[in-house]
Asks: 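Handing you this structure, nothing more for now.
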Amino acid sequence: MRHLLSAADLTRDDAVLILDTAAELAAVTDRSVKKLPTLRGRTVVNLFFEDSTRTRISFELAAKRLSADVINFAAKGSSVSKGESLKDTALTLEAMGADAVVIRHGASGAPHRLATSGWIQGSVINAGDGTHEHPTQALLDAFTLRDHLKEAGGDLAGLRVAIVGDILHSRVARSNVLLLRTLGAEVVLVAPPTLMPFGVESWPCEVSYDIDDVLPGVDAVMMLRVQAERMKAAYFPSALEYSRMFGLDVARMSRLPEHAIVLHPGPMNRGMEISADVADSPRAVMVEQVANGVSVRMAVMYLLLGGRQEEI
Amino acid sequence: MTLVLRGVRPYGEDAVDIVIADGVIVELASPGTAEGEIVDADGLVALPGFVDLHAHLREPGREDAETVLTGSRAAALGGFTCVHAMANTSPVADTAGVVEQVWRLGQEAGLVDVRPVGAVTVGLEGERMAELGAMAQSAAAVRVFSDDGRCVHDAVLMRRALEYVKSFDGVVAQHAQEPRLTEGAQMNESELSGRLGLVGWPAVAEEAIIARDVLLAQHVDSRLHVCHLSTAGSVEVVRWAKARGVQVTAEVTPHHLVLTEDLVASYDPVYKVNPPLRTAEDVRALREALADGTIDIIATDHAPHPHEDKDCEWAAAAMGMLGLETAFGVAMETMVLPGLLSWRQLAQRMSVTPARIGGVRTQGHDLVPGAVANIAVVDPEATFVIDPTRLASKSRNTPYAGRELPGRVVHTIYAGVPTVLDGALA
């Protein structure tokens, strides 16, 4: 595999290998010297057309822990807003000898264009494109789920995961549906019908409009950020109504089975999709998700750029 | 001077010599008997020169994408003898001055009849009616009015335009797209758009406007033309309207007859077009509707764009694809070879009817003595592979690069004069 553009690119074995590699690399993080020489002399470019400090620093840290040279390229304004074109930016990075380009872009499919247009030779890692996909987020979510809910490692067979919120605009949801399914988990999407993608009934998952009905049967619930501005476009009547019908508060959390955990890709809207009490509860694993993000991204770069497992 | 198309088969029927003098067909003689300047057309099929009701020639304003001259060349090579040039130029063709400029550029190019389309509203803004009468009375004698690229979505304005153009037998050609339902739309709304994370352009946004417009046209007893109809539901609406006696005509583009939304999964903007590529079921319905006459004509929606506007990410790319040089090949592949249209029926849909809708009296004549000699001569046995770098258009945004199409245009005769001979500009 040369690029990671979509969670659909990964077979079950690919995904398990990434998770296993990430688990081994996570051990490095516990050492006093948190660094491996694996990617010494390789150049990783973080090409961010959208602001996302948390994703960028996660990739940056991951690359640095593998001893890669890291360049952060914050391309303010894509060609959509008449800045430099994606092509010219790509040609610039190619001339500088980038071995991997981690791209975050507001346009769905931009990483795909970068990988297939012939503009660059290096690997392309999708760090979130428009409302399309965010595969490394799905990998870190899978890693977190496995860590908490599966003792023997391997895949996620037998788990049931609810994803709740703005599915329509969520690249996290798209990648998670694909990856969790590949890993054998069942996924149920929960949102008002206005925030479901067109044609969702043919996705490999279940769909529900009733969070209270779904929670008792799941091993984990993933709450997605819902922007209050969505109500201006009539996706829902008010933030309060959304919160009342789909937000996770303590009362709702109590409907979950004892062992179930709460995930959120961040940044959270406390009081909107998730109450502060829930966000700060022991069942919420957001901080672990952040740590696991570094390990998973290390694993992805390591495997894409040709590292071998025995070097760890 | 007498020109002879030697041994040609009008509508694929018995071979004749078509004898042309002073721009007019003077005789259909027994093959091999006529004398004059001989153009070899042995066994080839003669059709009335194609008439495109919908093309973007980009001049004035976007001469980097196309000019009236380069667009005329592309048209002639595609077997066209008449092209309607859409109004969304810069400045917009919303005054007599601009339409006369485009018309004059067409005359100077001299390869096809360039018939300017006038904007319905000033600046295509959808707010005030443009001076339709002045454009109709100008040297360009505009008969087709369209805000193409934008929909005349204000129902009152649409009603008034439909009424107003009656006095000079004009027609409003509507780009049917409900604007609020298509804000930021990138592709057909479907399971695929949901998966690709691209904002959907739902079929209902087209169908709802067509439904409104056919009812308006009936109410005020006016002619309506529907541009680039793209969905099975739109076909149903038009079929219903025609059954009620509404004066509605409709066009379909070659690309909507052959390409489907699946191509968008590549995120290659060469497949980005408005209205968007739809599903295989839509394609089937469009072909059937073109065959049974519900859809009246093929129109190219030839939409040249400079390379940089397509060599980018999907959302940033311009909408539209080239069509003039490939329209006949696509029509032959999708309609003639499968037996959906005879040659005579194809001539209706690519020449006779578009000329009638556009009010172009010198075009769309049957191939009989006395007709103006606008003729496309095609080789149904030959095929050609589309090489974007070899197109006459100034732009390269063809969706058919590398694809083999049947039916090569061999000769084009415009008003009795060859514009294309042996597949090259004469």
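None of these values were measured; they are calculated from a predicted model. Quick note on labels: first sequence line is chain A, next is B, and so on, each numbered from 1.
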Asks: List the atom of A/P197, the atom of B/G194, and the distance in Å for their closest heavy-atom pair.
Replies: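 For A/P197 and B/G194, the tightest heavy-atom pair comes out as CB-CA, 4.3 Å.
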
Asks: Does A/M245, at its CE atom, have more than 12 non-hydrogen atoms belonging to other residues, nucleotides or ligands within less than 6.0 Å?
Replies: no

Asks: Given 3.5 Å as the limit, does a donor-acceptor pair link the side chain of A/R113 with the main chain of B/C312, or not?
Replies: yes

Asks: Kindly compute the distance separating CG (A/L114) from CD (B/E313), expressed to the nearest 0.5 Å.
Replies: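 It is 10.0 Å, given to the nearest 0.5 Å.
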
Asks: Less than 4.5 Å to any heavy atom of chain A: does that hold for the side chain of B/A265, its backbone, both, or neither?
Replies: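 Backbone of B/A265 only, per the 4.5 Å heavy-atom cut-off to chain A.
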
Asks: Describe, in one word, how the ring planes of B/Y267 and A/H112 are oriented to each other, choosing from parallel (under 30°), tilted (30 to 60°) and perpendicular (over 60°).
Replies: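 The rings of B/Y267 and A/H112 sit tilted, inter-plane angle from 30° to 60°.
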
Asks: At their closest point, which heavy atom of B/G197 faces which heavy atom of A/S108, and how far apart are they?
Replies: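 Closest heavy-atom pair between B/G197 and A/S108: O-OG, 2.6 Å.
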
Asks: So how far is it from A/S117 OG to B/D268 CG, rounded to the nearest 0.5 Å?
Replies: 9.5 Å

Asks: Could you report the tightest heavy-atom contact between B/L198 and A/T131, atom names first, then the distance?
Replies: N-OG1, 4.4 Å

Asks: Run through B/E189, B/E191, B/R195 and flag the one making a side-chain contact (heavy atoms from CB on, under 4.5 Å) with A/F198.
Replies: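 It is B/E189, the one option of B/E189, B/E191, B/R195 that forms the side-chain contact (heavy atoms from CB on, under 4.5 Å) with A/F198.
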
